[in-house]
Amino acid sequence: MPELPEVEVLVRQLAPLIRGRKVRAVEVRRPKILAPTMSAEFERAVRGATIANLSRRGKYLLFGLRRARNQSPVTLVGHLGMTGRMYLLPRTGVLPKHAAAILDLGGERFVFEDTRYFGRLTLDTRAISRLGPEPLEDGFTTEYFAGALKRSSQAIKMKLLDQSVVAGVGNIYASEALFRAGVSPRTPARRLKREQIERLRRAIRETLSEAIECGSTVPLNFAGGRDGLFYYGSSGGDSASYEERLRVYDRAGKSCLECLGAIRRVVQAGRSTFYCPKCQK
DNA sequence: CACCATGTTCCTTG
DNA sequence: CCAAGGAACATGGT
């Protein structure tokens, strides 16, 4: 479930539920997700701490932990990887097969579940410092964006996935934003004209904003109505579903909603890109 | 068995 | 030193 909008929605829902709560115990089932932090160090820092706040940077979750008076606060950095989920589980709930780490909050347990274990929950904050600007904030200007693209011969799709260029865009929204901007994903970054860069910047902001408004993208339904299990997004309901809102992603061979031509799938740097060759130049 | 999957990091090559 | 490409990580779905 991991691009900026999904993380934003998760943070908004989770923050009020965990703010102010104390971590009574820590259980790490997959030490790999702490890397490079070691289990002992992690437990020493987190056990007994109070979660003072939760925020987001790019696709990362930032847990601000307040500890004993004589100890300094620490930041826990979370990342969902490809398959990560974070939620509160009632004390009586059954832990999932791929529970990577569990924080006992007293009433409920905070669970970090991750099937593929590509995610992270760590004290290492270095990745945060390498991130580019937040696409929905003022720092993501056309001036900045143009500067970040002008010396690169790499395809623009790849630049959008580069978290040091702009933070939070992933494989799905990169294709969607390029379609909205009418820009071909294969265009070398340095070939983009000023007007295209402006359109793309706006398209990125609109695409991400709309996804946040819609609540959630990837079908996050925690299959089978969970008793008390926290879940986000609409489970069915009236709003347009995830797939319905995507104009090109995973629509290879289907018709373009604008021109009725066929959506094409190409592979760039080993990852699928979807676009309309007629609408996107 | 084959291929695909929302992401990042490391290694190699130029 | 930098840019770019590809493999690796691990598990499951189709």
Side-chain angles (χ1 to χ4, degrees), chain A residues 1-11 29-37 56-61 77-86 96-101 112-122 124-132 147-178 185-191 204 207-208 211-212 214-223 232-233 241-243 245-253 265-274:
Chain A
M1 71 164 268
E3 293 189 36
L4 183 154
E6 291 77 41
V7 179
E8 177 63 25
V9 170
L10 173 61
V11 165
R29 297 192 168 190
R30 280 281 182 153
K32 182 207 169 208
I33 58 102
L34 307 179
T37 303
R56 179 192 61 71
R57 179 78 171 87
K59 303 173 193 173
Y60 292 84
L61 298 100
V77 175
H79 195 288
L80 298 169
M82 299 267 266
T83 55
R85 292 168 163 174
M86 294 183 183
K97 179 178 179 184
H98 299 293
F112 174 31
E113 171 188 3
D114 187 1
T115 306
R116 292 169 72 177
Y117 304 110
F118 285 176
R120 285 290 181 277
L121 190 60
T122 178
D124 177 20
T125 60
R126 287 175 301 177
I128 302 299
S129 62
R130 292 194 288 262
L131 295 175
L149 301 180
K150 72 181 178 195
R151 283 188 194 87
S152 176
S153 58
Q154 208 173 26
I156 183 61
K157 160 76 181 323
M158 303 318 304
K159 300 308 282 186
L160 295 186
L161 295 184
D162 183 341
Q163 302 299 296
S164 71
V165 170
V166 59
V169 177
N171 205 41
I172 294 174
Y173 295 118
S175 283
E176 294 297 312
L178 286 161
R186 311 211 271 195
T187 309
R190 63 156 66 116
R191 302 278 178 234
I204 290 167
T207 300
L208 298 178
I212 291 170
C214 273
S216 82
T217 48
V218 178
L220 302 170
N221 33 316
F222 285 45
Y232 28 97
S241 76
Y242 173 61
E243 295 81 7
R245 287 189 295 100
L246 299 180
R247 311 242 235 286
V248 290
Y249 185 81
D250 206 21
R251 296 195 67 241
R265 171 183 180 269
V266 294
V267 174
Q268 296 180 285
R271 310 199 65 192
S272 293
T273 299
F274 300 87

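Keep in mind that what you see is a predicted model, and the values were worked out from it rather than measured. Just the heavy atoms: all of them, side chains too, but no hydrogens, waters or symmetry mates, feed the values below.
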Test item: A:R56 and A:L4 side chains (from C-beta on) under 4.5 Å apart, heavy atoms: yes
A:R116 side chain to A:T83 side chain, donor-acceptor N/O pair below 3.5 angstrom: no
Could you check if a side-chain atom of A:K59 sits within less than 4.5 angstrom of a side-chain atom of A:Q163, using non-hydrogen atoms only? yes
Heavy atoms, side chains only, cut-off 4.5 Å: are A:L161 and A:R271 in contact? yes
Could you state the CG-C1' distance from A:L246 to B:dT6, rounded to the nearest angstrom? 11 Å
Watson-Crick and G-U pairing of DNA chain C written in dot-bracket, each distance under 3.5 angstrom, with | for inter-strand partners: .||||||||.||||
Examine B:dA5: is either OP1 or OP2 under 4.0 Å from a nitrogen or oxygen in the side chain of A:S272? Give yes or no. yes
A side-chain contact here means heavy atoms from C-beta on lying under 4.5 Å apart; do A:R120 and A:V77 qualify? no
Separation of C:dA3 C1' from A:K150 NZ (nearest whole Å): 17 Å
Go along nucleotides 4-14 of chain C 5' to 3' and tag each nucleotide: B for a protein heavy atom under 4.0 Å from its base, S when only backbone or sugar atoms are that close, - otherwise. SS---BBBS--
Looking only at the side chains, is there a donor atom on one of A:Q268 and A:T273 sitting less than 3.5 Å from an acceptor on the other? yes
What integer distance in Å separates A:L121:CG from B:dT8:C1'? 16 Å
For A:L131 and B:dG7, give me the distance from atom CG to atom P, rounded to whole Å. 14 Å
A:L131 and A:Y60, any side-chain heavy atoms less than 4.5 Å apart: yes
I need the CG-C1' distance between A:D162 and B:dG7, as an integer number of Å. 13 Å
Would you mind telling me which residue lines up with the more 5' stretch of DNA chain B, A:V267 or A:Y60, judged by nearest nucleotide? A:V267
Counting the atoms with a prime plus P, OP1 and OP2 as sugar-phosphate, which does A:R130 contact under 4.0 Å by heavy atoms, base, sugar-phosphate, or nothing? sugar-phosphate
Whole Å only: how far is the CG atom of A:N171 from the P atom of B:dT8? 11 Å
Starting at the 5' end of DNA chain B, which residue's closest nucleotide do you reach first, A:R265 or A:R271? A:R265
Positive for side chain to side chain contact (heavy atoms under 4.5 Å, CB included) with A:T115, one of A:K97, A:M82, A:R85, A:H98: A:H98
Could you tell me how far C:dA10 sits from B:dC11 if I compare only their P atoms? Round to whole Å. 15 Å
Sub-4.5 Å side-chain heavy-atom contact between A:Y249 and A:N171: yes
Quickly work out the A:R120 CZ to B:dG7 C1' distance and round it to whole Å. 11 Å
B:dA2 to C:dA8 separation - P atoms, rounded to the nearest Å: 16 Å
How far, in whole Å, is C:dG6 from B:dC4 if one measures between their P atoms? 15 Å
With side chain to side chain contact (heavy atoms under 4.5 Å, CB included) as the test, pick out the partner of A:S152 among A:R190, A:K159, A:M158. A:K159
B:dG7, OP1 or OP2 - any side-chain N/O from A:K59 closer than 4.0 Å? yes
